[in-house]
Structures are given as C-alpha cells and as structure tokens.
Amino acid sequence: MAAKNSKAKDTQAKYTVPGLEIEDGHRVAEILQMRLHALNDLQLTLKHAHWNVVGPNFIGVHEMLDPQIDEVRAAVDVIAERIATLGVSPGGTPGALVAERTWDDYSLGRADTIEHIAALDQVYDGVIADHRNAIEETGKLDPITEDILTGQTGDLEQFQWFLRSFLTNAAGELSTAGATTEKSAAKQGAAKKS
C-alpha cells in the first residue's frame, strides 16, 4: 500500500485551485479519481452491451446506447480535466482502473435486449449511487466539483430511466425489483418477458 501512496504523491502538484486549501483540492481530486474509473468503465460496458445485444428490439436498444456512450465519454473528459485543474494527475489507464475499482466486471456477453437492459440498470444503480455519495463528500469542500457531479448525475439518471422504460409495467413496477446483481436482474427481466 505504501508504494501506491508514494506514487500518488508524485502525481500531485504543489497547488490546487484558488480558494481551496491544497489538501482539500487534492482530496476532491482523489474522490473524482474513482468517478473517473467508474465512468470509463461505464462507457466501455455500454459499448460492450451495444455490440452484444440481440433479439427483439435489437436496433432500438443498439441505437439508444450510442448517445449514452457519447455523453459518458464526454463526462469522463470533464472529470479528468477537473482532476488536473485541482493539481493532480488523472489516472486513465486500464491497469489503474482494474487495480483500483471496487466493483466486478460486467457479467453478460451476447444476450437478449431485455437481459442487457436489466443488467445495465444494475450498473447504473451503482454508478449513480456512488456519484451521489461523491456529491455529498465534495459539497463540503468544493461547490464547483459538486455542481459538475450533480449535472452528470442528472444525465445518468435520465439514461437509466430510458432503460427502465423497457422494464416497467403500466402500474409502474420494475420487472427486476429486488435484483441485486447483473445476472439476477437479467434472469428476472427475461422471466417477466416470457
């Protein structure tokens, strides 16, 4: 662990943005680093699903994912540039993402549209919950970063709503209610479809 910390210190400038103490600016950047990993992972996961979705509604789901991918990629850039602005080098390598992430890899390969939608709903649950936690943490230190995360969270919630429209019945109930993993959500989604 000490090696990781000394490397992290080597990537920190001796400054941050005006109005923040250097320790606070670097703490905000540390929080943002995990958001950077999550958004990089999300855009790759969405592209993976885009390539692997099959079955009824294929073209609609395939094309619905492209704008989400583009928006998430744009959010990645905003987060990385905010980290750099705060005086810390953003870590965007695949190795850093895999080594530092706290979640498992996406678990579906080629699968029916409803299975991918249900699994992606679970992915969005995690990303959005963690973004909201980061909003709370950064709000105590840096309102600019809090604002960036708030805007991104609104976009992520809308993307999840698009997915959930496939999983919701007329009574407003999710077919995947109670699912806690991507695979269980995919299984529930497929069972309700039948």
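These numbers come from a predicted model, not from an experiment. For this chain, numbers begin at 1 and follow the sequence in order.
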Original post:
Mind checking what makes salt bridge (charged side-chain N to carboxylate O under 4.0 Å, His left out) contact with D105, not counting sequence neighbours?
Top reply: R101
Distance from [X] atom [atom1] to [Y] atom [atom2], nearest 0.5 Å?
X: D66; Y: I69; atom1: CG; atom2: CD1; value: 5.0 Å
X: D142; Y: R82; atom1: CG; atom2: CZ; value: 4.5 Å
X: R110; Y: L108; atom1: CZ; atom2: CG; value: 12.5 Å
X: Q43; Y: L65; atom1: CD; atom2: CG; value: 12.5 Å
X: N57; Y: M64; atom1: CG; atom2: CE; value: 9.5 Å
X: Q12; Y: H26; atom1: CD; atom2: NE2; value: 5.0 Å

Minimum-distance pair of heavy atoms, taken over all atoms of [X] and [Y]:
X: G55; Y: D112; answer: CA-OD1, 3.9 Å
X: V88; Y: A29; answer: CG2-CB, 3.5 Å
X: L163; Y: I117; answer: O-CG2, 3.2 Å
X: S89; Y: I83; answer: C-CG2, 4.1 Å
X: I31; Y: A134; answer: CG2-CB, 3.7 Å
X: I79; Y: L39; answer: CG1-CD1, 3.9 Å

Flag yes if [X] and [Y] sit in one hydrophobic cluster, no otherwise; membership is Ile, Leu, Val, Met, Phe, Trp, Tyr, and two members link when side-chain heavy atoms are under 4.5 Å apart.
X: L44; Y: V127; answer: no
X: L141; Y: M34; answer: no
X: L42; Y: L97; answer: no
X: I59; Y: I114; answer: yes

List the residues meeting side chain to side chain contact (heavy atoms under 4.5 Å, CB included) with [X], not counting sequence neighbours, and say none if there are none.
X: E30; answer: R27
X: T153; answer: I128, H131, R132, I135, E157
X: A185; answer: A118, Q122, T176, A179
X: E23; answer: E21

Subject >> Those residues that, when tested against T138, pass side chain to side chain donor-acceptor pair (under 3.5 Å) (two or more places apart) >> reply: none
Subject >> Partner set under side chain to side chain donor-acceptor pair (under 3.5 Å) for N169, not counting sequence neighbours >> reply: E173
Subject >> Atom NZ of K47: over 12 foreign heavy atoms under 6.0 Å >> reply: yes
Heavy-atom donor-acceptor pair, [X] side chain to [Y] backbone, under 3.5 Å:
X: E182; Y: S107; answer: yes
X: Q188; Y: S175; answer: yes
X: T113; Y: P56; answer: yes
X: Q33; Y: G91; answer: yes
X: T16; Y: L86; answer: yes
X: Q152; Y: A75; answer: yes

**OP:** Answer whether the closest heavy-atom distance between the side chains of K183 and K187 falls below 4.5 Å.
**Re:** no
Subject >> Side-chain touch V72/L156, heavy atoms, less than 4.5 angstrom >> reply: yes
Original post:
For residues 158-170, which residue pairs qualify under salt bridge (Lys or Arg N to Asp or Glu O under 4.0 Å), counting only residues two or more places apart or in two chains?
Top reply: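 Qualifying pairs, neighbours excluded: D121-R164, D125-R164.
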Original post:
Which residue pairs pass the ring-ring contact (aromatic ring centres under 6.0 Å, His included) test when at least one of the two sits in residues 96-129, sequence neighbours left out?
Top reply: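 Every pair satisfying ring-ring contact (aromatic ring centres under 6.0 Å, His included) with a residue in residues 96-129: H48-Y106, Y106-H116.
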Original post:
If you look only at pairs with a residue in residues 146-182, which of them pass as a ring-ring contact (aromatic ring centres under 6.0 Å, His included), with sequence neighbours excluded?
Top reply: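 Residue pairs passing ring-ring contact (aromatic ring centres under 6.0 Å, His included), neighbours aside: none found.
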**OP:** Sort out for me which residue in T150, V17, L32 forms a side-chain contact (heavy atoms from CB on, under 4.5 Å) with T145.
**Re:** L32
Original post:
In chain order, what residues pass the ring-ring contact (aromatic ring centres under 6.0 Å, His included) check against Y15, with sequence neighbours excluded?
Top reply: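 Checked Y15 against ring-ring contact (aromatic ring centres under 6.0 Å, His included); zero matches.
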Subject >> Residues which pass ring-ring contact (aromatic ring centres under 6.0 Å, His included) with H62, listed by chain and number, not counting sequence neighbours >> reply: H50, F58
